[in-house]
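Each ligand, and each atom within it, is numbered from 1 in the order the structure gives.
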Amino acid sequence: MESQIKKIHQQLLSKQISCTALVQEKLALLKQNAHNTVNAVLDETALALAKKVDAKIENGEEIGLLEGIPFGVKDVYMLQGTRTTASSDLLKEYKASYTATAIQKLLDAGAIPLVKENCDSFGHGSSSENTIFGAVKNALNPELVAGGSSGGSAVNVAKEYTVFSIGGDTGGSIRQPAGYNKVFGLKPTYGRISRYGLMAYASSTDCVGPITKSIEDLRIVLNIMSGKDVKDQTSYVSEEISEEEHVSSSPVKTVGYYKNFIENDAIDKEIKEAFLATLAKIKAKGIAIKALDFFDADILVSTYYTLAMAETASNLSRLDGTNYGARLEGSNLKDTYSITRSEKFSEETKRRIVGGNQVLSQGFSDEIYLKAQSVRAQISEQFSKDFTTVDMIVSPVTPKNPPKIGESLKDPLAMYLSDAYTVGFSLGGLPTLSIPKGTSTGLQITADKKKDAEVLQFGNFLNDSL
Ligand code: GLN
């Protein structure tokens, strides 16, 4: 698909549509929608901003490419003055007092935020059912989950309620819902975009990223949001990625895939066959295919969840009823903490806090937390080694098709295992893209650290040739 951003930019310039009419249309779609994608619509600000864009166009002033483009924001980003709930009961009434760096950069470029989007509470989940706003329904089949945790964002893009949305990806939360709703999702290299103002889940893998209908739109939005930020010491300076010419051959010589991902019993036959057929098509383009050995998917999942739970237990300890959100009074301060946290966190979030505190506690941390850290280091080393022999790694996004709404809630362990193909790349901090091609839940394309441009370039090539 062509760039939606460029198309709408042209329509605004040629006065084919007014920005106000565009924003009104999208707001109406968001409000009526039956997919539960919305935590809050931002009508007033959006319409006021649209009016300004229209005035500029009317006066013959130049407008930037993102000026007047309506977008969605996963409800885990601070956007000053808006309710920022993380889809949780605890923060249901919390209003952000500042704006996340990535979102501010989009605002500075003139993009118009329309909606705070439904997601799994604090990013905890793979189905967007762990939310006080009702399970998000899949864009293609409302009986199925939207995926998660950025489910609302992926559905809004798929249904064209937003032109693009900003999701958050800790262990797959952009790539997997993008795959389940047949749109594009990018998790950039860890640190390429500042995390400042993204509510922390697992700080060592949290990434900001776009969900769009084209790779070109991923590139445009990524360029705006990237860059070093003094407020996030893990962020780094990066070069702008220039527009890619669509080419019929690719500079990529060798593509690797993880044998054990495909030989595992957990993968659906249909996804396996589609993936193998995709490998054959890549090979037919003159690119060598290399089978690689890797850690078993269950090792990746257990390492990721050990670390993610430890980090979230630590990050969420600040939500105790004192400074942010809801507070339920107990007979003393300790009771206040426990009642607030017991009543206001969801079951899934409490499961993770309890698990995280367990692996961090004295007597267990050496055996579990530090062991997971050591496995993580080995995973990173393995990636570095693999990228000396291949240029890209491709994999399915998920082992199975999206489950029906309600199923994942009955079996959290099965839900954790469904993240088998995404979490490893998060632990490695690698740039990874999902495109809606190659298998029924998409294809994941990953390169070595900081090779975000190469990932988009190869994504373009595969998107055109598959
Ligand atoms: N499903 C994974 C988890 O629940 C990833 C979520 C995310 O990336 N925020 O941890």
Margin query: Check for me whether K450 meets the cation-pi criterion with Y236, that is, NZ or CZ under 6.0 Å from the six-membered ring centre and within 45 degrees of the ring axis.
Written below: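 Because its charged atom sits under 6.0 Å from the ring centre and within 45° of the axis, K450 does stack over Y236.
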Residue [X] vicinity, atoms of ligand 1 by number, heavy atom under 4.0 Å:
X    : answer
S173 : 5 (C), 6 (C), 7 (C), 8 (O), 9 (N)
G171 : 5 (C), 7 (C), 8 (O)
S149 : 7 (C), 9 (N)

Quick one: closest heavy-atom pair of [X] and [Y], and the distance?
X    : Y    : result
S235 : S194 : CB-CA, 4.3 Å
Y77  : T84  : O-CG2, 3.4 Å
G172 : P177 : O-CD, 3.6 Å

Less than 6.0 Å separating the ring centroids of [X] and [Y]?
X    : Y    : value
Y258 : F295 : no
Y196 : Y98  : yes
F275 : F261 : no

Where is the nearest protein heavy atom to [atom]: which residue, which atom, and how far?
atom                    : value
atom 5 (C) of ligand 1  : Y304 OH, 3.4 Å
atom 3 (C) of ligand 1  : Y305 OH, 3.2 Å
atom 10 (O) of ligand 1 : Y201 OH, 2.5 Å

Would one find an N or O of [X], backbone or side chain, under 3.5 Å from an N or O of ligand 1?
X    : value
H124 : no
G168 : no
G125 : yes
R352 : yes

Check: What part of Y416, side chain, backbone, both or neither, has a heavy atom within less than 4.0 angstrom of ligand 1?
Finding: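 Answer for Y416: neither.
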Item checked: Part of D419 with heavy atoms under 4.0 Å of ligand 1, whether side chain, backbone, both or neither ->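 The answer is the side chain of D419.
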Check: atom 1 (N) of ligand 1: which of S126, G123, G148 has the nearest heavy atom?
Finding: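 Nearest option to atom 1 (N) of ligand 1, by heavy atoms: S126.
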Note to self: Check for me whether G172 has a heavy atom closer than 4.0 Å to any atom of ligand 1.
What the structure shows: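 It does; at least one heavy atom falls under 4.0 Å.
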Notebook entry, point to check: Is it true that E407 and K404 make a salt bridge, defined as a side-chain N closer than 4.0 Å to a carboxylate O?
Noted result: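 No salt bridge links E407 with K404.
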Next item on the list: Say whether N156 and T37, considering side chains only, have a donor N or O and an acceptor N or O under 3.5 Å apart.
Entry: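 Yes, T37 and N156 have a side-chain donor paired with an acceptor closer than 3.5 Å.
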